[in-house]
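Heads up, the thing below is written out as structure tokens.
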Amino acid sequence: MLKYIIQRIIAAFCTFVVVVVVVFFVLHFMPGEILDLSPKIDRSVRELIMAKYHLNEPLIVQFGYTMRDYLRLDFGYSLKVRPGVPVMNVVLERLPVTIQLNYFSAIVILPFGMIFGILMAVKKDTIFDHISSTIVILLISVPSFVLAALMQYILGFKLEWFPLILEAEPHLTWTKFYSMIMPILALSFGGIASIARTLRAEMAEVLTMDFMMLAKAKGLTYRQTLLRHALRNSCVPLASTFLYLFLGVLSSSLVIEQIFGVPGLSKTMMAAINGHDHWLTMGIVIFYCFIGLFMAILADLSYGVVDPRIRMGGKKDE
Amino acid sequence: MEREKILEVRDLTVNFHTYAGIVQAVRGVSFDLYKGETLAIVGESGSGKSVTVKSLMGLLGGTARVEKGTAMYQGQNLLALDEKGWEKIRSREIAMIFQDPLSSLNPIMKIGRQIEEIFTILHKTSRAEAKKRSLELMRAVGIPEPEKRYNQYPFHFSGGMRQRIVIAIALASNPKIMICDEPTTALDVTIQAQVLSLLGEMQRNHDLSTIFITHDLGVVAHVADRVAVMYAGKIVEYGTAEDIFYDPRHPYTWSLMASMPDMDLESGEALVALQGTPPNMLVPPEGDAFAERNPWALKLDFDRQPPMFKISDTHYAATWLLHPSAPKMQRPAALERRIQKSIARKEARANG
Ligand SMILES: Nc1ncnc2c1ncn2[C@@H]1O[C@H](COP(=O)(O)OP(=O)(O)O)[C@@H](O)[C@H]1O
Ligand SMILES: [Mg+2]
């Protein structure tokens, strides 16, 4: 198990390095100057900045400096979006807004996805199952931003049930939460659908297994066999599905935040890319990449947490 | 001595309603289970043994339907029970041991918990009490170091050890009837013998009445008081173990006995091994289902199903050979010799 974890971490680290390298060069090959040539900036100041960021040196040398800084966990400063503010601070400042949206949708996804999944598995091959399965396929295949735009148009604009964009209040008040409902829902539907689908498939299979027959023969009620045996066994792949899903939510929220005007990381990242604020862009990309790889490792490990056969490496002592 | 009947099954008929059509898995099965006795149900795979006993515990799946029949237990007809009613019967009155111990335990639940939940959930005892009684059971079924084993998972256990756990689970609620559905088929021969002797011991200690399913007549000889031979969803011969082993009347029973491995053959003698396969139960034959494979089949066998003929008060068989006007057929010579030998052995034993 330990060996497996170490392998995973090494693989994740390699992925991480590749992503950083690719993003660095893609950003620097983009047309446009890092410092614009507006005459407002004093020539001496320009020189100073150029020297500090080694902008006069060849790209490969700049890359070397940047990597050296990263190894020291120094992510540099924002140049244009928030001039002079350390990238780390910008990310940490914007993060809560994004995270808030994401964890609310995670909270919505898990129980609803599970309830629908269980119902579909238990009522497999009935009308209920057929209708829900169709809806599930629909929700999985339609991207969240399409749902978001539709909801914004119908529920927000036509029916006026919800505000069109997010309330700007800094604290989580009722009005703020109310304005968050639409983005949360838009982020959650796909997740609910894939959790429901995974659980339905897994549980329908578990329900036909021999040990479920023994559980019933033991005298447990139907509900008890479901909750004590079927559900837990169906959750083995669910944990990893959920973690990957959370990644999906994270990336969908980049677009959803734009649609609903959420002042989160997404907005900052767009500004950074458009303004050639490379250090900030890199910082945000590195952040997402780190979260992503971390979740992927967790997802792999989750099998072991739920399933003792994997955790204990399946060794028999007899 | 007339024994007390604990379970009386009459005309049990079970169909599966599948996409392909109606599978007639069990076609009018009747038998009695006497208190403290073991009834063996023998037959090839697919003959409807498992379906018969599953319908006695309400464990048939969604496509199965009990079309006809009664199963009287303590004055109530089990086959008329609803799910609530079954919950009171299962495990408390009738317990079951399944064929494959590798798949009948929950793979990701600790062994101890799987026994313990019967006490905590069904009998509402405290955790501590439940654990104490689970450990006692594990000890009783011969699990070494039960305290350590308690917290292990099924994959830590060998097949034989798992079957012991399944037996412990079956015994936990003190049932009156124990159904063993091929409990040793999936195990090695040496382990088989151990599990069989454990089952026998438990039956005596707990005063159980047992239905024992197997496709192996050799096993039946060791465990059964009474035997029902099943073929294509019907009981074709039914009697005490002595009736069946010393005076088998149905050609199917002859074939089963002939295919027992320790048959002593004289040189040049052909073994009357079974040819062919059981019929498709989607379209069961009009006449005797065994006629196709029966070397002794009469013309009548292909047209009409034989009724149960009574041979003695305990012994019945469904074959036209028993009809008064049927031609007299001899059992195959090798089988006859073998029967005589075992009768002689029995008498020698009885005489000292
Ligand atoms: N779920 C099912 N659906 C359709 N047919 C079934 C089902 N279960 C069993 N059968 C059929 O019922 C017959 C008896 O099966 P079973 O009782 O399992 O035989 P066995 O004597 O080997 O235990 C077989 O012909 C089998 O194909
Ligand atoms: Mg069977």
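Order of the sequence lines fixes the chain letters, A, B, ..., with proteins taken first and strands second; residue numbering starts at 1 for each chain.
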*Between K216(A) and M57(B), does a side chain to side chain contact (heavy atoms under 4.5 Å, CB included) hold up when you go through it step by step?*
CA-CA 9 Å; K216(A) 211 171 168 188; M57(B) 280 188 82; over 6 Å; no
*When heavy-atom pairs shorter than 4.5 Å are enumerated against chain A, which of M96(B), R90(B), M109(B) gives the highest number?*
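Ranked by heavy-atom pairs under 4.5 Å with chain A, first place is R90(B).
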*Output the option from P107(B), A95(B), S173(B) having the highest count of non-hydrogen pairs under 4.5 Å with chain A.*
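With the most close heavy-atom pairs to chain A, the winner is P107(B).
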Which atoms of [X] approach chain A - backbone, side chain, both or neither, heavy atom under 4.5 Å:
X       : value
Q99(B)  : neither
K88(B)  : neither
I169(B) : side chain

Value rounded to 0.5 Å, distance of [atom1] in [X] from [atom2] in [Y]:
X       : Y       : atom1 : atom2 : answer
N106(B) : F211(A) : CG    : CZ    : 4.5 Å
L59(B)  : L214(A) : CG    : CG    : 9.5 Å
R309(A) : Y153(B) : CZ    : OH    : 11.0 Å
R232(A) : I108(B) : CZ    : CD1   : 4.5 Å
E117(B) : R228(A) : CD    : CZ    : 4.5 Å
E87(B)  : L220(A) : CD    : CG    : 9.0 Å

Has [X] got more than 12 heavy atoms of other residues, nucleotides or ligands less than 6.0 Å from its [atom1]?
X       : atom1 : answer
Y73(B)  : OH    : yes
F128(A) : CZ    : yes
F112(A) : CZ    : no

_Contact origin within M213(A) toward chain B - heavy atom pairs under 4.5 Å_ =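 Both parts, backbone and side chain.
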_Counting heavy-atom pairs under 4.5 Å with chain B, which one of T221(A), V236(A), V206(A), D307(A) comes out on top?_
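Most heavy-atom pairs within the cutoff with chain B belong to T221(A).
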*Ignoring hydrogens and geometry, is there a side-chain-to-backbone donor-acceptor pair from S91(B) to G219(A) under 3.5 Å?*
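It does not hold such a pair.
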